[in-house]
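In this chain, residues are counted from 1 in sequence order. Just so you know, ligand 1 is whichever comes first in the structure, and atom 1 is the first atom listed for that ligand.
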Amino acid sequence: MHFQLTKEIKELPPTTNRLQPSALRKRLGSSLFARNIIYHKAINSTNTLAKELAAHGAPEGTLVLAEEQTEGRGRINRVWLSPACENLYFTIVLRPFIQPGQVFVFTMVLALAASDAVKKEIGIRPMIKWPNDLYVERKKLGGILTEFSVMGKAVEYVVIGLGLNVNWNPQEEKSMLYPATSIFAETGIRASRSDLLIEILKSYESYYSRVLAGQIDDIYKKWNELSLIKGREVKIHSGRETVHGHVLKIDQNGALVIINDDGREEKIQSGDVSITF
Ligand code: BTN
């Protein structure tokens, strides 16, 4: 099921509040993500466009960026609220030579890169809620949506989209499914979206090259250290099934390892987690 936001696109604030693709390109210098920046004031979803572009041969590193999304999407067909010029909404196109089972690590390092960037720029450290949400305490600060296409046994392309709540005031939104927050709501700081974006992309590029070089041990370690749910009692909903358990770790393949109610170790590949605080 797809949700359609029928909201009209309002006039955007003055250009000073907008992301400036040419300035971003300059600041990114020789980065992979400076090669092909696609910027839209308003678009249905940066992931949807990135997938279309990738299917038509868009190069690795393509960055699709929007001030506003009218049909921003989350996992499990959820709506991602995407008001104009308040937050970050972007998607990157990657073409690593990998198999489908290896895609998860590329998502995981975007969560790490975003957490690192918020820590560096703002001073707060978002935690990572498996599989790929960013949280500040019990509130959601950001989310990642990864989609990919397979040709034969290999991945043809991966698109990874991040929505990060920066200057938005989520209390104004009545239609939230879960408690949300933003950098502004947490700190009172009106952060520069450009500075955050540059920092996230630079950090991601560094993680990306480490992953491609097979240097992932430190990355898994850090991902477990920043895990919001490690050591907690959780409920995992996947399809029609709900499993309860105590989280031991996230393993090298990105699976959640729990001790279930029968005292047995169980690996969960995907699902939606709720925490018993
Ligand atoms: C989730 O929490 O389930 C994932 C949310 C992902 C939202 C981002 S915003 C940029 C990109 N475009 C989309 O339509 N979704 C992702």
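- Every N/O-N/O distance between Trp80 and ligand 1 stays at or above 3.5 Å.
- Looking only at heavy atoms of the protein, atom 8 (C) of ligand 1 is closest to Gly163 N, 3.5 Å.
- Counting the atoms of ligand 1 from 1 in the order shown, those under 4.0 Å from a heavy atom of Phe90 are 10 (C).
- Using a 4.0 Å cut-off to heavy atoms of Arg73, the atoms of ligand 1 that qualify are 5 (C), 6 (C), 7 (C), 13 (C), 14 (O), 15 (N), 16 (C).
- For Thr62 and Arg35, the side-chain atoms include no donor-acceptor pair closer than 3.5 Å.
- Remark: ligand 1 atoms within the under-4.0 Å shell around heavy atoms of Gly74 are 1 (C), 3 (O), 4 (C), 5 (C).
- Crowding of Lys222 atom NZ: a count of heavy atoms from other residues, nucleotides or ligands under 6.0 Å exceeding 12.
- When the salt bridge (Lys or Arg N to Asp or Glu O under 4.0 Å) test is applied to Lys51, the partners found at least two apart in sequence or on another chain are Glu147.
- For the pair Tyr89 and ligand 1, the shortest N or O to N or O distance does not fall below 3.5 Å.
- In the candidate list Ile160, Asn77, Ile144, Ile144 is nearest to atom 4 (C) of ligand 1, counting heavy atoms.
- For Arg95 and Tyr157, the positive end is not near the middle of the six-membered ring at less than 6.0 Å and at most 45° from its axis.
- Between the side chain of Ser209 and the backbone N or O of Glu205, at least one donor-acceptor pair lies under 3.5 Å.
- Asn87 and Tyr89 share a donor-acceptor pair across their side chains, judged by distance under 3.5 Å alone.
- Listed by number with element, the atoms of ligand 1 under 4.0 angstrom from any heavy atom of Asp133 are 2 (O).
- Note on ligand 1: Arg78 sits outside its first shell, no heavy atom being nearer than 4.0 Å.
- Of the protein's heavy atoms, Gln69 OE1, 2.8 Å lies nearest to atom 12 (N) of ligand 1.
- For the residue pair Asn165/Ser182, the side-chain donor-acceptor check at 3.5 Å is not satisfied.
- With ligand atoms numbered from 1 in the order given, ligand 1 contributes 14 (O) to contacts under 4.0 Å with heavy atoms of Gly72.
- Leu145 and Val159 end up in different hydrophobic clusters when Ile, Leu, Val, Met, Phe, Trp and Tyr side chains are linked at under 4.5 Å.
- Of all atoms in ligand 1, numbered sequentially from 1 with element shown, those under 4.0 Å from a heavy atom of Ser45 are 12 (N), 13 (C), 14 (O).
- Glu199 places none of its side-chain heavy atoms less than 4.5 Å from the side chain of Leu196.
- Here the protein heavy atom with the shortest distance to atom 2 (O) of ligand 1 is Lys140 NZ, 2.6 Å.
- Taking a cut-off of under 4.0 Å to the non-hydrogen atoms of Thr46, the atoms of ligand 1 that pass are 10 (C), 11 (C), 12 (N).
- We find that Arg125 and Glu225 are not joined by a salt bridge, their nearest charged nitrogen and carboxylate oxygen being 4.0 Å or further apart.
- Residue contacts with ligand 1: Glu71 is placed with no nitrogen or oxygen under 3.5 Å of a nitrogen or oxygen of the ligand (distance criterion only).
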